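Below, chain A is the first sequence line, B the second, and so on; all start at residue 1. Small disclaimer: the values here were computed from a predicted structure and weren't measured.
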Amino acid sequence: MDQRLERILPRVQKPARYVGGEYNAVIKDKKDVDTRVAFCFPDTYEIGMSNLGMRILYGVMNAMDGVWCQRVFAPWGDMEEEMRRANMPLFALESGDPVADFDIVAFSVGYEMAFTAILNMLDLAGIPLHSADRPHLTPLVIAGGTAMYNAEPVADFIDIVSLGEGEDVTPELINLHRKARREGWDKHRFLVAAAQLDGIYVPSLYDVSYHDDGTVAAITPRDGAPERVVKRIVHDLDKSFFPTRTIVPSTEIVQDRVMLELFRGCIRGCRFCQAGYVYRPVRNRSRDLCAQYCLEACNDSGYQEVTLSSLSTSDYPPLTELCDNLEDFCQQRHVNLSLPSLRADNFSMSLMQRLAKGRKTGLTFAPEAGTQRLRDVINKNVTLDDLLQSCRTAFAGGYSAVKLYFMLGLPTETDEDVLGIADVAARVMHAWRESAANKQRGVRITVSTSYFVPKPHTAFQWEPQITREEYERRVKLLREAINTKTVTYSWHDGDTSFLEAVLARGDRRLGKVLECAWRKGAKLDAWEDYFSLARWQEAFAECGVDPAFYAYRRREKDEIMPWHMISSGVTENYLWREYENAKAGVTTPDCRTHCNGCGANRLVGGKCDV
Amino acid sequence: MSKLRLLFVKEAQASYISHLDLMRTFQRVFPRTELEIKHTQGFHPHPILSIVLPLPVGQQSDCELLDFEVTQESNGRGIAEKLNTGMPTGIRVLDCYAATRPIRELAFLQADLELLYDGGVPQGAVEALQALFAREEIIIEKRTKRKEQAQVDIAPMLRSVDLHAGDKAIYATVVVQAQNPGLNPQLLEKAIAAHLPALTPDFVRVRRRRIMDENGEDFR
């Protein structure tokens, strides 16, 4: 072990995060390795190790001959301070080698608030921040993940963006980089060649010009780079890699259980939901394969909890059969199945009976909006009756806590919609009185509201975010309307969501703001411990950038979005149609009812697996 | 039903696994055996496992014990090999056997300490430390469970200290009381810092070597 690290560890919190050596961590002999990939997650170990995408790509890369993929996470503040004091550069967990020595440094970026962590990690690694200041082929800095559907705010720092699912394109990119190194290409030649791979976006090959009003005037690709980069997907989930022998952390992480992915995509089409659009089309993994993976993963890891994971698990067609198939195994091995999210319109008694038998603590539903009118606007397609029926089922089945998630600031929201949330909570309370199996235990109803952030590649990408003042007014309005003790109300911090709205639909001019905010100390902005809006406001002012331009402005139909060169497969026309439908309060049926022509079917040759 | 005991090594990266995380790690590897751990009765059943003398985070050990109960009749044969197929780097089960000796007979533990001096071992350090550890009373400040500072005399818990000097380290073999109350050998560093501040080492490594009964025989 590095002597500096040995001396630091006794002084930092949770040192097990920084040493590697977990069961199933991949160790290779350096002499058999020609390509080292530092796979960086711009957040802490506990968050990054809970990310399924990271585990899949770690497996995919390490299955390649001659490639050694190693993990790197952002150190917590105490560790960072110690590392900087000891002059110890950022290192990878598997070998302990400095990140700067790797051939490829790859970031998995799931959310915009991680942008400054990317800069901080590059800096800790001693790698120049700007792509333009890295003239050589190595280390090549690449990024992927959901937040990269608009990579423009980090375009100055990243050499290559990989769009969509990385199972196939990552090996293609690694092999091209290998070839380039072997044949002594310069970096520019490599970037130009990489841009020819499907799903690869090379920011430096695009020139962006702006109108006087600040909107994008033109995006011009150079050196043969495509006008539009379409995301990559796995076509057949049954044939794609799934990590059943995966790293078992020796310290507790957020998702400390087997994550069994049932399907990708979502049939629903909620108009605010970026994941719902960018993960299209729906592709199911077959039931028998899911069952087999579940057994293998439990047997190998020893976990006794399995999350049946997807964007909307109760929409998996053979869900109850899968649960039934797994029942004997689960009973014998004391394994509990859990679902991450439930839809209020198809949560049934039969499903509930198949879930966690011992601990019935709480269930979570997300009606998102307080009135039917607004739920129609966002195309949530859940009725109050659905929700109450689901709650009655849960209460009758012994559950005594329900969490209800809503958003404030959705397009067209009025005070009536806000107060509707309090009404929903009161009705859920009433449903408990009617149907509770055991009234002595009481009930806990938690209402949580977040502050709506319009995201790129959604039907609401043209919409302004409501102002922070208005958001706070609505929070207060709702707080005063919720007056029973059994209902707890919690709301999301407005400052974070405001910045998220700025970054989500930002353009390249935010690069210097990111850098400025990072220099002022921004690093783990997803954490309240570190986030400071004041710091960001100073950075905006110093860079002469108005954040309201990005967060609060309504876009016109013909405006070129900064992420125009990126396609998720869903057409802009479809998004606009959905936007018009939203404003008219017209709902769109789910993909299983009938195809709505979003365009994503073309990614799988015409027909989706709904 | 059987009561079994594991003897295991905890070293390298695994020395940073906390007590609670270590318990979880063991719980996850037990399904690799045919044994079924007994669980507590109650609303939230949990497995009956106990690590006998929890090792402070950062220290290494050749002689950790873990006691557990299983629902089957078993003498533990073959269990160590099966557990070792699922362990993180640095944890290695050496043996699994019926737990016959009561834990209260575990009296002493022997540990090796490396007191590192980056600038070389100061002149006369070994003699000075020897004299310190031979004192009738060695008071140190120790934080109690209630987070208050308390004065503790560690001399009665210290059985023997053998020192010899290397180039940039003093190597110490110490025998301390294991329990009721036990002494964490790392606290010798504190004693040096309190009484001979000029000889405070730059870093101290600790490795448990043996656990012994009242007569100085290996405790198993």
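Using a 4.5 Å cut-off between heavy atoms, B:Ser15 does not touch chain A at all. A:Arg333 touches chain B through its side chain: at least one heavy atom from C-beta onward sits under 4.5 Å away, while N, CA, C and O do not. For B:Leu116, the part sitting under 4.5 Å from any heavy atom of chain A is the side chain, from C-beta outward, and nothing else. Of the two parts of B:Ser18, neither the backbone nor the side chain holds a non-hydrogen atom closer than 4.5 Å to a non-hydrogen atom of chain A. For chain A, no part of B:Val29 is nearby; none of its heavy atoms comes within less than 4.5 Å.
More than 12 heavy-atom neighbours from other residues, nucleotides or ligands sit within 6.0 angstrom of NZ on A:Lys439. No more than 12 heavy atoms of other residues, nucleotides or ligands lie within 6.0 Å of NZ in A:Lys403, so this atom counts as exposed by the packing criterion. At most 12 heavy atoms of other shown residues, nucleotides or ligands fall within 6.0 angstrom of atom CD in B:Gln123.
How far CZ of B:Arg32 is from CG of A:Asp300: 5.5 Å, rounded to the nearest 0.5 Å. Distance CE/B:Met87 to OH/A:Tyr23: 11.0 Å, rounded to 0.5 Å.
Across all non-hydrogen atoms, the minimal contact from B:Phe203 to A:Glu6 is CZ-O, 3.4 Å.
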Let me have the donor-acceptor pairs involving side chains of residues 247-255 of chain A, under 3.5 Å, with sequence neighbours excluded, atom names and distances please.
| unit_1 | atom_1 | unit_2 | atom_2 | d |
| --- | --- | --- | --- | --- |
| A:Thr251 | OG1 | B:Asp21 | OD2 | 2.8 |
| A:Glu252 | OE1 | B:Arg24 | NH2 | 3.3 |
| A:Gln255 | OE1 | A:Arg257 | NH1 | 2.7 |

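Side-chain contact check for B:Thr89 versus A:Glu22: every heavy-atom pair is 4.5 Å or farther apart.
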side-chain contact (heavy atoms from CB on, under 4.5 Å) between A:Gln332 and B:Glu36, intermediate numbers included: CA-CA 10 Å; A:Gln332 185 195 338; B:Glu36 177 121 9; over 6 Å; no
Verdict with supporting geometry, A:Tyr18 and B:Gln13, side-chain contact (heavy atoms from CB on, under 4.5 Å): CA-CA 9 Å; A:Tyr18 306 117; B:Gln13 289 111 307; over 6 Å; no
